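Below you'll find the structure, written out as structure tokens, and then a few comments.
Only this structure's heavy atoms are used, side chains among them; waters, hydrogens and symmetry mates stay out. Not measured: the values here are computed from a predicted model. All chains are named by letter (A, B, ...) in the order of the sequence lines, taking the proteins before the strands, and each is independently numbered beginning at 1.
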Amino acid sequence: MTSFPSIISRRRRIRWHGTPNALKDAVFVVVLWASGVLAIGAMAGVLIVLAIGSAPALSQAGLAAFVLGADWYPTAGEFGLVAMVAATLAVSAGALLVAGPLGILCAVYIRYYAGDLAGAAFRVVLMTLAAIPSVVYGLWGMTVLVPHIAAWQPPGTSLLAGVVVLSIMVLPTVAVLAEAGLRQLPSSLYLGSLALGCARHAAIKRIVLPSAKGPVAAACMLGLARALGETMAVLMVVGNAVAMPDSPFASVRTLPANIALEMAYAIDVHRSALFVSGLVLMAMVGLLLAMRWYWGGPDDPQF
Amino acid sequence: MNIQTTGAAKAVPPPGRGEEGRIRVENVNVAYGAIKALSDVTLSIPPRRITALIGPSGCGKTSLLTCVNRLIDLIPGANATGRIFLRKTDVLARDADLLRLRKRVGMVFQKPNPFPFSIRRNFDIVLTEFGVRRRDDREKRIDECLRAVGLHTEIGHRLDMSACALSGGQQQRLCIARALATRPEILLLDEPCSALDPMSTMTIERLLLDLKDSVTLVIVTHNLSQARRIADECALFWTECGTGYLLEHGTMADLTDRPKNQVTADYLHGRVA
Amino acid sequence: MTRNFRPFANDFLVRAAVAAVVLVLAAIVLHVVTRGAALVTWEFLTTAPRSAGRAGGIAPVLVSTVAVTAVALAAALPLAVGAAVFLVEAVRPEATAARLTRGCLSVLAAVPSIVFGLAGNMIFCDWLGFGFSILAGGLTLALMILPIAACVAETTLRMHGEDRRAGYALGLPQRRIVWSIMLPAAAPGIFAGLGLGFGRAVAESAALIFTSGYVVRMPDSVFDSGRTLAVHILDLAMNVPGGDGNAFATATVLLASVAAVVALFTALDGKRGRDFI
């Protein structure tokens, strides 16, 4: 070990050229805060634009026309959104009814059944499901699912087709987020119940799942929010007739599909009415987000 | 021992203020939120010696250490009151120049934390910031720092390899070398050997003994025999209801052979966990 | 026998659910690929569509897709990194500003893509006067992928808290710590986040049909309208009778490119596998 050349004796001779550069620091701080404000502004901007776009229709026709109106003939001044709201809710709720339990089972599998390798492999399966573009699901639904349903209950393009396609799309969201919720539980909970002599399935059903109720519910809420906003896959398989969803085989139109179908040619009040559709959709998603925050859960905006 | 007299020693230090390298801690309290971690510590750490801060876990040793270079500011909710003087500046003052302070006071952590870049870059980031702009000047300074920690023979010719590829002991010595790159007058070490094997620990202890001629070393350690091996002075902290306080301070010999407290005697002889 | 039936039934349920999911994935991918793969030839990738896409290839569509996603990623990168650095460096985690920013990002993450389409149409096409263009579509997508990219960037930056502390302990100024230490150290994670963003962007159709439009010509600049792969599939499937074949071929190309890029970016991220959700 060599001894260290004296530090202190030389210390005095050093001039610190890099004295804190106040201007550079100030610019840096301004840029930092600007980026923060920009992130907030992006969110606020989307909402504000939605409100501005909706204003003409809301002031001209009034909110009542949207809530109480029975029919959707926007060019003739009829703006009833009820049927489409009901259809959106029906498709999404149906999808969650399938994907919710299935997703929770998948989460349980990854966490408590699969070994490391099988768990990782199954996660890849879920990631792949999540990564498949929605038009591809739509394409598959149109060419495989709809003909099958049509053979049974024509015309095939129906609420049911929408539910099936959507539930496949929502499943990975629910499964991965529920798994994240289960991961947050202390492992002593599960191991402790096994140590008490519980069978695996009983430990999961009676101890693990009840204590993960919050995060699992939150995962379902996010899945539902995702289902509500899904546009193209649903549009391609549900038939898009504006009607109350009175049977699983009925052709319906969801709110996002409505926007996608009509935006291309809509002008004036009609266009504004589509912004109102967007606003209503956003309100529904907002409600779910609020419920999700209320229940808590894996705080993961990656959803 | 070779104590170098420098500019600061010529002027008569004003009362309550130390010469270069001395740390005067006066009535320091540390709280994390509502929890008081350290209560009313007054302590003078002598220059160019090794001072060991010892005591059971949670007695505020590390808190005190992070006050000296104000790294405690990074912890949300932490609050330190009192005064700590390095020469004539109070480092706990609201308007203290933190960047200059941290250049004067280096710190080494429990876990080696080299930046995940090349060894050269680990130094270059520091050196360029402090005005060593010419490449060969930097090379010289890097060599000087690596020499100081005895790494120049081991890695002096491999400066472009990733710092993370070094062994734990080498990483820790690299961190010490990096801390020396700012030419500090004080080096704070927070359990620098607790993540290392005995051989690396020995290397670092020898290194610290070499360094104490030029810098003040303050080391937090849980290893009593390590404190006995290297420390000149020792401060024993104790804890009561979660709040730490300074129990006894003196030379290592004083504390081991002539303790003022029964607790000190028991602790230093391993009779209290 | 009856005593052992219940655990068996429960375990069976879990495994059956998993098997069903795997089968569905296999069925969908196989269906698309078996119908599309044979049509994907070099000629298909390099020629323009003919007869509304029933025949010919997808060259302009590929170019538009690359252009739209490039614009989106280029715009999202600084925004996301800025927001993440803001959250890590400028504010304390529990501060109001931090909570507000985080809340806004997670709301933004939940906004349906069709709503981004509406907003993008109004902001970029109307107000900024870009019309239906690759630029408008890309910027809309940038808004859409901002929250994921920012979230991933933030987690990665926080994983380098040790380096940050080391930087402060050395007396380096904040901008130096961010530029020279945190960002280079977190770069792989940040790019992995962008990879996730790419997966979203290239799959998106709802936010694009009325921002970047569906003109199928080869775009000359970012101010031209351009049709992306996903929009092309949609159009072939919905509006072009007999377009199924090429729709499947395009879907195969889309699946392959998503898989390739997501795998690439995940590999970049190395140790920490990230959820593509």
Side-chain angles (χ1 to χ4, degrees), chain A residues 20 24-25 28 32-33 35-36 38-40 42-43 45-46 49-50 53 102 105-106 108-109 113 122 125 127-136 138-140 142-144 168 171-173 176-177 199 201 225 228-229 231-232 236 256 259-260 263-264 275 278 281-282 285 289 301-303, chain C residues 7 10-11 13-14 17-18 21-22 24-25 28 31-32 79 82-83 85-86 89-90 97 100-101 104-115 118-119 122-123 143 146-148 150-151 173-175 199 203 205-206 209-210 230 233-234 237-238 244 247 251 254-255 258 262 275-277:
Chain A
K24 276 190 199 164
D25 286 332
F28 183 76
L32 267 193
W33 278 85
S35 351
L38 222 55
I40 300 172
M43 160 74 231
V46 169
V49 165
L50 218 50
L102 218 52
L105 287 176
C106 291
V108 165
Y109 172 78
Y113 282 74
F122 187 57
V125 168
M127 297 308 141
T128 317
L129 273 179
I132 292 179
S134 60
V135 282
V136 175
L139 188 61
W140 174 80
M142 276 176 80
T143 52
V144 179
I168 301 171
L171 181 108
T173 307
V176 170
L177 290 179
H201 71 98
L228 285 179
T231 311
M232 288 311 175
M236 290 165 88
I259 302 170
M263 190 65 188
F275 274 82
L281 188 63
M282 201 50 229
V285 171
L289 277 188
Q302 276 190 43
F303 124 84
Chain C
N10 279 292
D11 290 355
L13 201 62
V14 172
V18 170
V21 172
V22 175
V24 165
L25 173 71
I28 293 174
H31 178 77
V32 172
L79 285 177
V85 173
F86 171 78
E89 275 295 324
L100 186 66
T101 313
C104 281
L105 283 176
S106 63
V107 172
L108 203 59
V111 171
S113 56
I114 190 82
V115 172
L118 284 176
M122 188 162 241
I123 298 173
L143 281 183
L146 167 66
I148 335 160
C151 171
Q174 191 180 38
R175 63 188 145 77
S205 46
I209 43 169
F210 34 85
I233 297 171
L234 178 78
M238 295 294 287
D244 277 11
L254 183 54
L255 282 183
V258 171
V262 171
D275 300 343
F276 186 83
I277 289 293

Nearest-0.5 Å distance that lies between atom [atom1] in [X] and atom [atom2] in [Y]:
| X | Y | atom1 | atom2 | answer |
| --- | --- | --- | --- | --- |
| A/Leu32 | C/Arg175 | CG | CZ | 12.0 Å |
| C/Leu234 | A/Thr231 | CG | OG1 | 10.0 Å |
| C/Leu146 | A/Met43 | CG | CE | 11.5 Å |
| C/Leu255 | A/Thr128 | CG | OG1 | 10.0 Å |
| A/Leu38 | C/Phe86 | CG | CZ | 11.0 Å |
| A/Met263 | A/Phe275 | CE | CZ | 4.5 Å |

I need the residue from C/Ala97, C/Ser205, C/Ala247 with the largest number of non-hydrogen atom pairs under 4.5 Å to chain A.
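If we count pairs closer than 4.5 Å to chain A, C/Ser205 comes out on top.
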Which of the residues C/Val21, C/Asp244, C/Leu100, C/Leu79 is involved in the greatest number of heavy-atom pairs with chain A at under 4.5 angstrom?
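Looking at each option in turn, the highest pair count goes to C/Val21.
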Measuring heavy-atom distances to chain C, does [X] have an atom under 4.5 Å in its side chain, in its backbone, in both, or in neither?
| X | answer |
| --- | --- |
| A/Ile259 | both |
| A/Met142 | side chain |
| A/Ile168 | side chain |
| A/Val125 | both |
| A/Tyr109 | both |
| A/Ile40 | both |

With respect to chain C, which residue among [options] yields the maximal number of heavy-atom pairs within a distance under 4.5 Å?
| options | value |
| --- | --- |
| A/Leu139, A/Val108, A/Val46, A/Leu281 | A/Leu139 |
| A/Ala264, A/Gly229, A/Pro256, A/Gly36 | A/Gly36 |
| A/Val135, A/Leu102, A/Leu105 | A/Val135 |
| A/Ser134, A/Cys106, A/Ala42 | A/Ala42 |
| A/Val136, A/Leu171, A/Thr143 | A/Thr143 |

With no hydrogens and no angle check, is any side-chain donor or acceptor of C/Ser106 less than 3.5 Å from a backbone partner on C/Cys104?
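No, C/Ser106 side chain to C/Cys104 backbone: no donor-acceptor pair under 3.5 Å.
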C/Glu89 backbone acceptor or donor facing C/Gln174 side chain under 3.5 Å:
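Checking the backbone N and O of C/Glu89 against the side chain of C/Gln174, a donor-acceptor pair under 3.5 Å is found.
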Measure the shortest side-chain to side-chain distance between A/Met282 and C/Pro112 over non-hydrogen atoms and say whether it is less than 4.5 angstrom.
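Yes, at least one pair of side-chain atoms sits under 4.5 Å.
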Under 4.5 Å heavy-atom distance to chain A, tell me which part of [X] shows up: side chain, backbone, both or neither.
| X | result |
| --- | --- |
| C/Val32 | side chain |
| C/Leu118 | both |
| C/Ile28 | both |
| C/Leu25 | both |
| C/Val85 | both |

Please find the pair of heavy atoms, one from C/Leu105 and one from C/Ala150, that lie closest to each other, and give the distance.
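Reported closest heavy-atom pair: CD1-CB, 4.0 Å.
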Considering all heavy atoms of both residues, which atom of C/Ala237 and which atom of A/Met236 are nearest to each other, and what is their separation?
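Closest pair (atom of C/Ala237, atom of A/Met236, distance): CB-CE, 3.6 Å.
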